[in-house]
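One structure below.
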Number of protein chains: 2
Amino acid sequence: MHDIGFAQHDHAACVASALASAETTCAAEKLQLTPTRRRVLEILLEEHRAMGAYDILAILASEGIGSQPPVVYRALDFLVTNGFVHKIEKLNAYLACTHPGEDHSPVFMICRACGAVAESSMPLADLRRSAESTGFLIETTVLEIEGLCPACREAA
Amino acid sequence: MHDIGFAQHDHAACVASALASAETTCAAEKLQLTPTRRRVLEILLEEHRAMGAYDILAILASEGIGSQPPVVYRALDFLVTNGFVHKIEKLNAYLACTHPGEDHSPVFMICRACGAVAESSMPLADLRRSAESTGFLIETTVLEIEGLCPACREAA
DNA sequence: TTTAGGGTTGATATATTATAACATACCTTC
DNA sequence: GAAGGTATGTTATAATATATCAACCCTAAA
């Protein structure tokens, strides 16, 4: 059991099911979940935290998979494009999506103190209504919230 | 008149009043709006678009104000910290705040095609209620919306 | 008046994040 | 078996941001 998303859960099962889900999705949509892409997703699922591209690259390099930046950026691009991973712009970091497959507008809660990131979601409807009344067409949204997670609040 | 925030407005008046407002605020709060800081804010107000730090630095350099990165990053840090400028994380770019002084949670609408950025705001109340029910303390929020602005929709 | 402190600036160097560009390999399919 | 698409390997470089340390300037306390 790990401490994730400010709550407890069975991590091994979570990794396995998320990987299986990604494989199913890729098969269904004729996307190539190649070994490098699969391993990057697996790393992000296992670590279950927002990681920098070069952190991931270091792991890949230690496993002999690849040591040049394009290796990891290409894999991340694939994973982000297809909804398996989110980029946390505010941290320049990447995080495995905790509910892939669902059409969601991610909301990240980033703890300034410990760096933990929890993914939530919010109704996009209100947002969309107000934005599009101005004629703006929403394609992607990222809401980044920074603050203190429960554990760090207690520690402070 | 310029085309800003997907609408028209009197830009010269807007720049002047925003600068005056910044000066008033700084005087009241004993913040030092030094020449470099003031000029960076003025540049962002005049351009009225999201600019990269190095774009701003190039202008400062051409004016003999400073040519090294810390010059612009220090000024931006001051301006962002004190609410005169927002950072658009998704673009690694900076934008003068269109309603400084108000306690607001910025919402940026970023046009993928032309790069225009309009700042809006949204009720933080709902957001705060749902986040804090999990024990998370919100300190800062950034919602970044990418899509197509009205002009680019027509062009497409 | 001097000295200590805080805030700002100058300047050099470097860290961190990300992409361009081009060659190669590997499939599929026609 | 040649063409075209997708993915990978590799080198180099671009773009963004920060660390560090010395100098300066103002203020205020000793």
Side-chain angles (χ1 to χ4, degrees), chain A residues 22-23 26-27 29-41 43-44 49-61 63-82 84-95 110 112 115 117 142 144, chain B residues 22-23 26-27 29-41 43-44 49-61 63-82 84-95 110 112 115 117 142 144:
Chain A
E23 281 174 349
C26 287
E29 303 189 9
K30 301 206 191 303
L31 299 171
Q32 299 184 45
L33 189 62
T34 61
T36 302
R37 290 168 176 176
R38 188 182 193 285
R39 181 65 187 129
V40 170
L41 176 57
I43 288 168
L44 284 169
R49 61 188 175 91
M51 300 179 74
Y54 281 73
D55 297 334
I56 299 166
L57 183 58
I59 296 177
L60 293 181
E63 296 172 352
I65 294 176
S67 60
Q68 300 307 319
V71 171
V72 70
Y73 281 105
R74 283 166 177 163
L76 287 170
D77 180 64
F78 171 87
L79 294 168
V80 169
T81 297
N82 295 293
F84 302 118
V85 165
H86 296 297
K87 178 172 183 185
I88 313 297
E89 299 289 347
K90 194 151 194 172
L91 301 177
N92 292 317
Y94 302 84
L95 183 70
I110 306 165
R112 168 177 53 71
V117 179
V142 180
E144 296 176 342
Chain B
E23 281 174 350
C26 286
E29 303 190 8
K30 301 208 193 300
L31 300 171
Q32 299 185 44
L33 189 61
T34 61
T36 302
R37 291 168 176 177
R38 189 182 193 285
R39 182 62 188 131
V40 169
L41 177 57
I43 288 168
L44 284 169
R49 61 186 174 91
M51 300 180 73
Y54 282 73
D55 296 335
I56 299 166
L57 182 58
I59 296 177
L60 293 180
E63 296 172 353
I65 296 175
S67 60
Q68 300 308 319
V71 171
V72 71
Y73 281 105
R74 283 167 177 161
L76 287 170
D77 180 65
F78 171 88
L79 294 168
V80 169
T81 297
N82 295 293
F84 303 117
V85 166
H86 295 297
K87 177 172 184 185
I88 313 296
E89 299 289 348
K90 194 151 192 171
L91 300 177
N92 292 317
Y94 303 84
L95 183 70
I110 307 164
R112 170 177 51 72
V117 179
V142 179
E144 297 176 341

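Residue numbers start from 1 in every chain, and the chains themselves are labelled A, B, ... in the order their sequence lines are given, proteins ahead of strands.
- Of the side-chain N and O atoms in A:T34, one or more sit less than 4.0 angstrom from OP1 or OP2 of D:dT8.
- Each of B:Q32 and B:G66 was matched to the nucleotide of DNA chain C holding its nearest heavy atom; the match closer to the 5' end belongs to B:Q32.
- When heavy atoms are screened at a 4.0 angstrom cut-off, B:K87 is found touching the sugar-phosphate backbone but no base atom.
- As a whole-Å value, the separation of B:E89 CD from C:dT16 P is 18 Å.
- Under the side chain to side chain contact (heavy atoms under 4.5 Å, CB included) test applied with B:R37, the options B:L41, B:L33, B:V40 reduce to a single match, B:L33.
- We find that CD of A:Q68 is positioned 17 Å from P of C:dT17, with the value rounded to whole Å.
- Between A:N92 and D:dT16 there is no side-chain polar atom (N or O) within less than 4.0 angstrom of OP1 or OP2.
- For C:dA18, its base sits under 3.5 Å from the side chain of A:Y54 at one donor and acceptor pair at least.
- Distance check, rounded to the nearest 0.5 Å: CG of A:L76 to CG of A:L57 gives 9.5 Å.
- Contact annotation: B:Y73 side-chain N/O to D:dA17 OP1/OP2 distance is under 4.0 Å.
- Side-chain contact check for B:F78 versus B:L31: some heavy-atom pair is nearer than 4.5 Å.
- Between the NZ atom of B:K90 and the P atom of D:dT16 there is a distance of 16 Å, rounded to whole Å.
- In this structure, NZ on A:K87 lies 14.0 Å from CG on A:L79, to the nearest 0.5 angstrom.
- Taking side-chain N and O atoms only, A:R74 has no distance below 4.0 Å to OP1 or OP2 of C:dT19.
- For B:Y94 and D:dA17, the shortest distance from a side-chain N or O to OP1 or OP2 is below 4.0 Å.
- Following rounding to the nearest Å, B:L79 (CG) and C:dT8 (P) show an atom-to-atom distance of 12 Å.
- Side chain of A:E144 to backbone of A:E89: a donor-acceptor contact under 3.5 angstrom is found.
- The distance between atom NZ of A:K30 and atom P of D:dG5, rounded to the nearest whole Å, is 18 Å.
- Spacing between atom CG of A:L31 and atom P of D:dA7 amounts to 9 Å, rounded to whole angstrom units.
- Between the CZ atom of B:F78 and the P atom of C:dG7 there is a distance of 12 Å, given to the nearest Å.
- C:dA18 atom P lies 10 Å from atom CD1 of A:I56, rounded to whole Å.
- Nucleotides of DNA chain D nearest to A:P69 and B:D55 differ in position, and the one nearer the 5' end is that of A:P69.
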